[in-house]
Amino acid sequence: MLEVDSVSKRFGNVLALDGVSFSVDAGQLFGFVGSNGAGKTTTMRIILGVLASDSGSVTINGSPVDLAVRQRIGYMPEERGLYPKMRVGEQLVYLARLHGLSPKDARSAMERWTERLGLEDKRAMELQALSLGNQQRVQLAAALVHDPSVLVLDEPFSGLDPVAVDVMTEVLREKATEGMPVVFSSHQLELVQQLCDRVGIIKEGRMRAVGPVEELRSRGGRMLELWVPDAPPGWVPRVEGVQLVSETDGVVVLELEPGVDDQAVLRAALGTGRVERFASHVPSLADLYREVVAA
Ligand SMILES: Nc1ncnc2c1ncn2[C@@H]1O[C@H](COP(=O)(O)OP(=O)(O)OP(=O)(O)O)[C@@H](O)[C@H]1O
């Protein structure tokens, strides 16, 4: 289990992190989202111990992140940082050796991961000769080649083609299923919503929402979605305790205060003519994100 507890970090005048806390259990996929400059990379660097926090703590299975613990983390840094002129295969073997694997195990891990990630025909190439997406696949291989116990990935999906997104998704799911805590940052909210058990939304260095995706999405009041094509433009049911949330292409989203009878809303809708849609509405992670970031 990975636990980040009340971590703060200041760079000069900028308070980059202000008491950030979250935890990722074994087998959980945690999505870390927030605008540019919100503090995701800084948090991940502190988890890795490549940057020191001003206060707070990071533990993995209860231990602070010392050198031995750090060896067990698979990390994909935002700045990527592999050697451009080194051949892909040699580089992965070298990284696995640095993490303590024997020459034989390092070679077989390199072979396994390059094959799995569709890079077997790129082993002899210099990294710099690969397309950016393929370099990213090598980065993932580099994070996995030493068989880590925790994965921390900074925007692993950025710049990937749809097939590579599927491969990355599959590998992350598989690693979580094997019991690893996996944390990754991303701006692709649909993907985070699909993939993650829990999410954290960070804004200006502070965690504004943390929890299971489904729980966060359903934390507001009860919402209904209606499509009443015969209603006049701008129609909203005249039922007390009902607020208009949005209207898009004739589909109206309403929020109901506790105790409001949804059948009263349905009757009001039927009063306008046909009702083509009357359903519960669950906001997407993107809706929730906009609400949290705008607040
Ligand atoms: N080494 C540094 N020196 C000074 N300020 C820094 C440094 N690293 C980060 N910052 C500042 O800390 C804040 C958080 O930056 P961070 O890179 O963690 O954001 P992020 O959420 O990863 O953003 P992005 O989505 O753009 O990658 C920003 O205001 C950034 O300018």
Side-chain angles (χ1 to χ4, degrees), residues 2-24 28-60 65 70 73-82 132-133 135-140 142-143 150-161 164-165 168-169 172 181-211 213 216 284-295:
L2 164 70
E3 188 142 29
V4 175
D5 186 17
S6 311
V7 165
S8 295
K9 176 74 186 174
R10 179 177 285 283
F11 295 106
N13 288 334
V14 178
L15 184 56
L17 299 180
D18 184 7
V20 168
S21 296
F22 63 94
S23 60
V24 189
Q28 258 183 3
L29 266 161
F30 184 89
F32 198 18
V33 302
S35 331
N36 295 132
K40 303 176 296 295
T41 297
T42 304
T43 306
M44 291 191 174
R45 287 188 177 142
I46 289 172
I47 292 174
L48 256 287
V50 292
L51 190 69
S53 63
D54 297 336
S55 58
S57 66
V58 177
T59 53
I60 291 179
V65 184
R70 200 194 298 174
I73 304 178
Y75 179 43
M76 190 193 264
E78 188 183 36
E79 68 282 4
R80 304 315 183 211
L82 294 177
L132 280 181
Q135 291 191 29
Q136 190 121 323
R137 292 182 193 219
V138 179
Q139 284 284 349
L140 178 63
V150 182
L151 272 183
V152 178
L153 312 170
D154 204 344
E155 296 191 28
F157 290 99
S158 73
L160 292 184
D161 71 32
V165 166
M168 179 75 74
T169 303
L172 299 194
V182 178
V183 48
F184 71 93
S185 61
S186 179
H187 294 291
Q188 286 154 269
L189 300 179
E190 266 183 37
L191 224 151
V192 173
Q193 178 176 321
Q194 262 175 38
L195 191 56
C196 293
D197 305 297
R198 296 175 75 240
V199 288
I201 304 178
I202 188 169
K203 180 188 175 187
E204 293 164 359
R206 285 177 56 201
M207 276 296 208
R208 308 294 166 134
V210 191
V213 181
L216 291 178
S284 65
L285 179 62
D287 293 334
L288 175 73
Y289 177 85
R290 279 189 210 98
E291 188 192 311
V292 168
V293 166

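Keep in mind that what you see is a predicted model, and the values were worked out from it rather than measured. Ligands are counted one by one from 1 in listed order, and the atoms in each one are counted from 1 as well.
A salt bridge (charged side-chain N to carboxylate O under 4.0 Å, His left out) check over residues 286-295, counting only residues at least two apart or in different chains, returns the pairs Asp287-Arg290. Evaluation of the salt bridge (charged side-chain N to carboxylate O under 4.0 Å, His left out) test over residues 33-51, restricted to residues two or more places apart or in two chains, returns Arg45-Glu79. Contacts classified as side-chain hydrogen bond (donor to acceptor under 3.5 Å, both in side chains) and involving residues 9-23 (residues at least two apart or in different chains) are not found.
Taken from CG in Leu29 to CD in Gln194, the straight-line distance is 12.0 Å, to the nearest 0.5 Å. Expressed to the nearest 0.5 Å, how far CD of Gln188 lies from OG of Ser158 amounts to 7.5 Å.
Taking the six-membered ring for Trp and thresholds of 30 and 60 degrees, Phe30 and Phe22 have nearly parallel ring planes, at less than 30 degrees apart.
For ligand 1, the protein residues placed under 4.0 Å by at least one non-hydrogen atom are Phe11, Val14, Ala16, Ser35, Asn36, Gly37, Ala38, Gly39, Lys40, Thr41, Thr42, Glu78, Glu155, His187.
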